[in-house]
Amino acid sequence: MRNAIGQNFFKILTSLVALSLITGCAPIAGSPTTPLDISSSEGVLPTPENEQYKDSLPLSLIPDLHSVDQSDEDHHIFTRHFEVASLSSVGEAQRALIESKRVEFDRNNIQDVSAGSGISGELNIRSYLSAVSTHIIGIKTITYEFAGASGGNSFITQWFDTSNNTMHSSRDLFAGEEQWDDFREYVALAATKNPEVIAEDLVNMSNELLDSVNFDAQGNATIDFDDYSIAPGSAGSLTVTVPSQNVVPLLSPLGVLARNAAMSPAPRSLISSVAPLLETLQSTESPASVSPPLPAKTERVDCSKAKCVALTFDDGPGPKTGKLLDDLKKANAPATFFVVGPNAKNRPEILKRMIAEGHEVGNHTWNHRSLPSLNSAKIRSEIDRTNEAIAAAIGEPASLLRPPYGAHDSITDRLAQAPVILWDVDTLDWKYRNADKVVAETISQTRPGSIVLMHDIHASTVAAVPRILSQLKAKGYTFVTVSELLGKENLKSGETYSRAPSTGKGSAKNGGKK
Ligand code: NI
């Protein structure tokens, strides 16, 4: 039997593994005596050297990523894992994973050999990129193990937070225990639609079963199940999909970043090339055309029909901004934060959270000076330095500018290199420092299409926000970011905007305000 398998056995197995990955559900060789007919597909099947996993992103998205191949021919062990020079946690976690698989394999293999099967097993481990952005990297590792009389695939996805060089499990993509339980229910529900799935296996669905959660291009969650875990081996490798609209409300900030990175992968090099990026922006005639994509959302609001309002918060982030984000999240209300450079530099985590939770970050300059009082070089520096701090935190410069005090002229507008965002509702929160007054001013002045000016550096303002949210909501308002309110496609660099046109009233542009 051993001779019949011969030297080509590994290649055949590898081809079958690759084939099953391509088709998603092709059965794996159940036994070496099963006739293996691969002749019809030969030539198109990937070889171990050049195999491409259908969902793998290009490795070039991470310039300092190294794919490391190792083989131990005597023991039929072949592994491919990743190392990322600037992110030590990747190599550490990948090596630890391979080591644990090897130990497990050696144990199984010794048992099988001593049990007299006479067949030495195979271990084949391959890693693939499932998501890449400045913030997060997803690596899916597929292990094919053949031991005794049968073989199968197992899957695990490791998530790496680039901001603090840490590894996270799929579980960490979810906001909390409750959300995780909800997710498991959705998975079970989706899995039972597959007639091959054994329902009993789903009842006690352990966390270990759900250790490979990813997202497809549409933002749906996909869960890879190890062979034999919830279905007979003949069913092959099963992937269960949980629809986007179900999974999005359950995600943690990390999960939102992961989903975005899978839907619209971006090169990891972005953060190290902030300066060249900004130079590119400066040399571009229309910076609005290269504005960053909005975070993924389940649905888009049409503000020409809905009663929209954009809450904006200036001068932060401050010590109370985290509490404000909690309240906005509870109300599912996106807002826009015009941050000043030093605060952005000191609190990059807060900026990152803003983006992850669907808010927009705008530029409010570095020193908060009245821009018309400065010369051109200083104006430029006020804007650029702040954009660099913003880009260092969230990977992209701001696409909107709010000049301090709303002060602007034709020169500052030209140098803004972004749409200039003013407001039509001034809560005067900085003056009153009184939550009741802030609530009253906001509610009485807000009209459909309004841009509301507040400051998240004041505790009284943050204290007022829950009531503002509930009262405006009761009046039928939908909360949107400034870009959503005005329509990204309508925004022009150097133009000023103080509100959105609502049902024919008002004007989107407000060129004269000083
Ligand atoms: Ni300000």
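Both ligands and their constituent atoms are indexed starting at 1 by order of listing.
Relative orientation of the His364 and His368 rings is perpendicular, given thresholds of 30° and 60° on the angle between their planes.
A donor and an acceptor atom, one from each side chain of Arg259 and Ser244, are located under 3.5 Å apart.
Protein-derived N/O/S atoms nearer than 2.8 Å to the Ni ion (ligand 1) total 3, waters excluded.
Distance check: His458 NE2 to Asp429 CG gives 5.5 Å after rounding to the nearest 0.5 Å.
Contacts classified as side-chain hydrogen bond (donor to acceptor under 3.5 Å, both in side chains) and involving residues 331-346 (residues at least two apart or in different chains) are not found.
Asp326 has no carboxylate O lying under 4.0 Å from a charged side-chain N of Lys323, or vice versa, which leaves the two without a salt bridge.
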Test side-chain hydrogen bond (donor to acceptor under 3.5 Å, both in side chains) applied to Thr157 and Asn214, step by step: CA-CA 8 Å; Thr157 299; Asn214 283 281; 2.8 Å; yes
